[in-house]
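Reading through the structure tokens given below for one structure.
Just so you know, ligand 1 is whichever comes first in the structure, and atom 1 is the first atom listed for that ligand.
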Amino acid sequence: MKITILGAGAIGSLWAIALQPQHDVQVWTRSSITRYPLTFQSLSGKVRTYCFDANHIDHLQQSDLLLVTVKSFQVITALHPLINDLSARCKIVIMHNGIGSHDAVKQLFPKHTIYYATTSHAALKTAESTLRHTGLGQTFIGPLSSVISTDNSIADMFNQALSPCYWQDDIMEPLWKKLAINCAINPLTAINQCTNGELANEGYQAQLIQICNEVTLVMRAEGYRIKNGELYQQALTVIKATADNYSSMNRDVFYQRPTEIDYITGYLIHQAKIFDIAVPVNTQLWQTITSMESSYHA
Ligand code: PAF
């Protein structure tokens, strides 16, 4: 397959490396580079250097797959200039933290096959062209609208590249479960400028439980069967599995970049309003991150 990966951040770069043995992969970036060199350290510590093509319009126009790995709030701005260059058969896979870009993506590409994906693989860009795979995870992929049956070979392709990858008829369910983990980990690690692992300390447990209980109420209202304590346990598992990592929101606040808060906690608050559910702890976290962002350049 000819593949273009839109966004050469940590997750986009990780998939570029995973897909390149079997596919013809280029990256698409905001800059005008034509080659993207990357030094990669695998989970076993092995270091290898790669060099990808970048920003070749003919490769984009011939692509069978466009994998979009930019941040949630960048999806539409990044996709807009590409509308007329994607062939009608090009499948689009969107992979970002949080929920909320799907309606705008559907409007932008009404005739294309669109999938959403979520991954818990952890990767860290330690410099512009240095990437470290820091945690093994799993990936879920499924169509934008729930369908009875559709071509799920795309999940096999992702599974061969970086396993495990599972097909999901209702991709919203894993997206919500990942949203719960991000609601729990991201704001707290950003506000307290701590690693994910530090959230395992006793002092954070009451807050983590409250955050997850609020997400549980909204997810149940959305129709998902969530057991008491399930989301908290899942968040704790990720906290322990990624203990040494700084979350993406922690890094965004550290480097004074915009965060994905509106697509994570903000999306939860938006949906909670629809069902008239109070989510005071998450609302407080959303307010704190939002005011931290607005004071960046003060
Ligand atoms: O946003 C992130 O950093 C990741 O989604 C997660 C799972 C919180 C691990 O750091």
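Counting only heavy atoms from C-beta outward, the side chains of Leu60 and Gln26 approach each other to under 4.5 Å.
At a 4.0 Å cut-off, at least one heavy atom of Lys178 sits close enough to ligand 1 to count as contact. For Asn186, the closest heavy-atom approach to ligand 1 falls below 4.0 Å.
At the top of the distance list for atom 2 (C) of ligand 1, counting protein heavy atoms only, stands Ser248 OG, 3.4 Å. When hydrogens are left out, the protein atom nearest atom 4 (C) of ligand 1 is Asn182 ND2, 3.8 Å; that is the closest non-hydrogen contact.
Under a 3.5 Å cut-off, the side chain of Gln138 and the backbone N or O of Thr119 do not form any donor-acceptor pair. Put simply, the side chain of Asn55 gets close to the backbone of Ile33: a donor and an acceptor are under 3.5 Å apart.
Selection from Asn196, Thr259, Thr195 by nearest heavy atom to atom 10 (O) of ligand 1 gives Asn196.
Near Ser247, with a cut-off below 4.0 Å to any heavy atom, the atoms of ligand 1 are 3 (O), 10 (O).
With ring centers used as reference points, Trp176 lies under 6.0 Å from Tyr267.
With a heavy-atom cut-off of 4.0 Å, Asn97 touches ligand 1 through its side chain alone.
Each of Thr69, Val27, Leu82 was scored for a side-chain contact (heavy atoms from CB on, under 4.5 Å) with Leu6, with one residue passing: Leu82.
We find that Lys91 and Asp64 are not joined by a salt bridge, their nearest charged nitrogen and carboxylate oxygen being 4.0 Å or further apart.
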